[in-house]
Amino acid sequence: MKYYKYSQYLYLIAAIVFSISVIYKIFNKQDYGLQAIIAVGFIIMYFVRRSFLKKMENNQENK
């Protein structure tokens with residue numbers, strides 16, 4: 001399942017893109033609330049996916 005290995009990095013890239021967008025909107029005094037929530041969500045999903053992948057690898061090693 002190579003998809004799981006790379007999907008965590010897709011979440012990280014999306015979080016970086018949304019974070020840059022939030023910073024841009026802060027400097028231009030625009031509304032950035034929703035994008036900030038989405039960026040935080042992607043960061044959380046990165047760590048969740050990373051933890052899930054480590055558990056999966058440990059389960060495969062123990063078999």
Side-chain angles (χ1 to χ4, degrees):
M1 292 282 200
K2 290 187 178 186
Y3 169 75
Y4 292 120
K5 184 177 182 181
Y6 298 114
S7 66
Q8 65 182 348
Y9 298 114
L10 292 175
Y11 286 121
L12 188 60
I13 290 169
I16 291 170
V17 169
F18 274 91
S19 298
I20 290 170
S21 176
V22 167
I23 291 169
Y24 175 77
K25 287 189 174 196
I26 287 173
F27 285 128
N28 288 330
K29 295 181 170 70
Q30 297 176 354
D31 186 28
Y32 59 89
L34 181 61
Q35 287 184 338
I37 292 170
I38 293 171
V40 170
F42 277 131
I43 292 170
I44 291 170
M45 284 303 299
Y46 167 74
F47 288 112
V48 167
R49 178 68 71 173
R50 187 173 167 191
S51 172
F52 176 73
L53 184 62
K54 285 183 182 182
K55 284 182 184 180
M56 226 166 75
E57 287 175 356
N58 287 338
N59 286 339
Q60 289 179 355
E61 289 176 1
N62 291 335
K63 287 184 178 182

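None of these values were measured; they are calculated from a predicted model.
Hydrophobic clustering (ILVMFWY, side-chain heavy atoms < 4.5 Å, transitive): V17 and Y24 are in distinct clusters. When the side chains of ILVMFWY residues are joined at heavy-atom separations under 4.5 Å, either directly or via intervening members, M45 and L34 end up in a single hydrophobic cluster. Under the 4.5 Å side-chain heavy-atom criterion for ILVMFWY residues, a single connected hydrophobic cluster contains both I20 and I43. When hydrophobic clusters are built by joining Ile, Leu, Val, Met, Phe, Trp and Tyr residues whose side-chain heavy atoms come closer than 4.5 Å, directly or via intermediates, I13 is not grouped with Y46.
Nearest heavy-atom pair across F42 and F18 is CE1-CE1, 3.6 Å. Across all non-hydrogen atoms, the minimal contact from D31 to K25 is O-CD, 3.5 Å.
Here F47 contributes atom CZ and L12 contributes atom CG; the two are 8.0 Å apart, rounded to the nearest 0.5 Å. Here the OG atom belonging to S19 is positioned 11.0 Å from the CD1 atom belonging to I38, to the nearest 0.5 angstrom. Here the CD1 atom belonging to I26 is positioned 10.5 Å from the CD atom belonging to Q35, to the nearest 0.5 angstrom. Between the CG atom of L53 and the CG atom of N58 there is a distance of 9.5 Å, given to the nearest 0.5 Å. Note that CD1 of I37 and OH of Y32 are 11.0 Å apart. Values are rounded to the nearest 0.5 Å.
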ask   = Where do N59 and M56 land on the side-chain contact (heavy atoms from CB on, under 4.5 Å) test, with the steps shown first?
value = CA-CA 5 Å; N59 286 339; M56 226 166 75; 5.8 Å; no
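Atom CZ of R49 sits in a crowded spot, with more than 12 heavy atoms from other residues, nucleotides or ligands closer than 6.0 Å.
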